[in-house]
Amino acid sequence: KEKHKILHQLLQNSTS
Amino acid sequence: GPNNVSMGELDRIAQNIIKSHLETCQYTTEELQQLAWQTHSYEEVKMFQGKPRDVLWQQCAIQITHAIQYVVEFAKRISGFMELCQNDQILLLKSGCLEVVLVRMCRAFNPLNNTVLFEGKYGGMQMFKALGCDDLVSAVFDFAKSLCALQLTEEEIALFSAAVLISTDRPWLMEPRKVQKLQEKIYFALQHIMQKNHMDEDALAKLISRIPTLSALCTLHTEELQAFQQLHPETVNVLFPPLYKELFN
């Protein structure tokens, strides 16, 4: 998960 | 419908994916049509060719990363994707996002003069000469041309993109059955739409036959990146977008 921090973050952000 | 999937459900899946696609494309069809014959001048192409290799690489990495962010948004809006476990969401995006970018690229490709939209206008392969990877660039152009030849509608591009992304071929999936169920439904929806739109009975088979090429292009991209990084490690480490590094490094 640490290796894919940004992707993880993008997935967590609510869909605008 | 096939395998106990009702036509109503297939239609719902198709409509959701088409909507997700249209909402997350960088350019609308109308915008692309307006731009289609705006090509970079000879001087502009010369300017791209005169750039240092690492500068053009960086520029392309930024463009690809930008396109990938839209693909992530596309994935998130597909019904069922966010219901997959987090491991599988990340895995599917990590292995499939560039493939979807390449599928989407055919929308911004003009097969009549073999040009692609880059930095606001269309230009040919020679625009990317300074990257020093002619094989990859020409393979990407060939792929775009071959996909354009199938004359896909926006709906078919949407469903094909989803089918490429939600794939059981990716290793290390934790819930492959769940992914498979979703993928099957997407394929049924794609099949249904293609049967309706195309006289050519083999259209779907031809489309599916492009998938191995997609994965070969991504492998080639990784190899070219590795070769570039050996020569310009500081460019990759300091100047490339973090998301690009996370996905491909």
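Chain letters run A, B, ... following the sequence lines, proteins first and then strands; every chain starts at 1.
- Surrounding CE of M174(B) are at most 12 heavy atoms belonging to other residues, nucleotides or ligands under 6.0 Å away.
- Counting heavy-atom neighbours within 6.0 Å of E234(B) CD, excluding the residue itself, gives a total above 12.
- The shortest side-chain heavy-atom distance between L93(B) and H4(A) does not fall under the 4.5 Å cut-off.
- Atom NZ of K178(B) has more than 12 neighbouring heavy atoms from other residues, nucleotides or ligands inside a 6.0 Å radius.
- We find the CG-CD1 distance between L247(B) and I6(A) to be 8.5 Å, quoted to the nearest 0.5 Å.
- To the nearest 0.5 Å, the span separating CG on L7(A) from CD on Q89(B) amounts to 9.0 Å.
- Between L10(A) and L243(B), the closest side-chain pair of non-hydrogen atoms falls below 4.5 Å.
- The side-chain hydrogen bond (donor to acceptor under 3.5 Å, both in side chains) test applied to E154(B) returns H21(B), T29(B), R107(B), not counting sequence neighbours.
- Residue contact with chain A, scored on non-hydrogen atoms closer than 4.5 Å, is absent for I68(B).
- Here the shortest heavy-atom pairing between H8(A) and I90(B) reads CD2-CD1, 3.8 Å.
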Side chain to side chain contact (heavy atoms under 4.5 Å, CB included) evaluation trace for Q86(B) with Q12(A):
CA-CA 10 Å; Q86(B) 218 162 55; Q12(A) 291 302 300; 2.8 Å; yes

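- Using a 4.5 Å heavy-atom threshold, the side chains of E246(B) and K3(A) count as separate.
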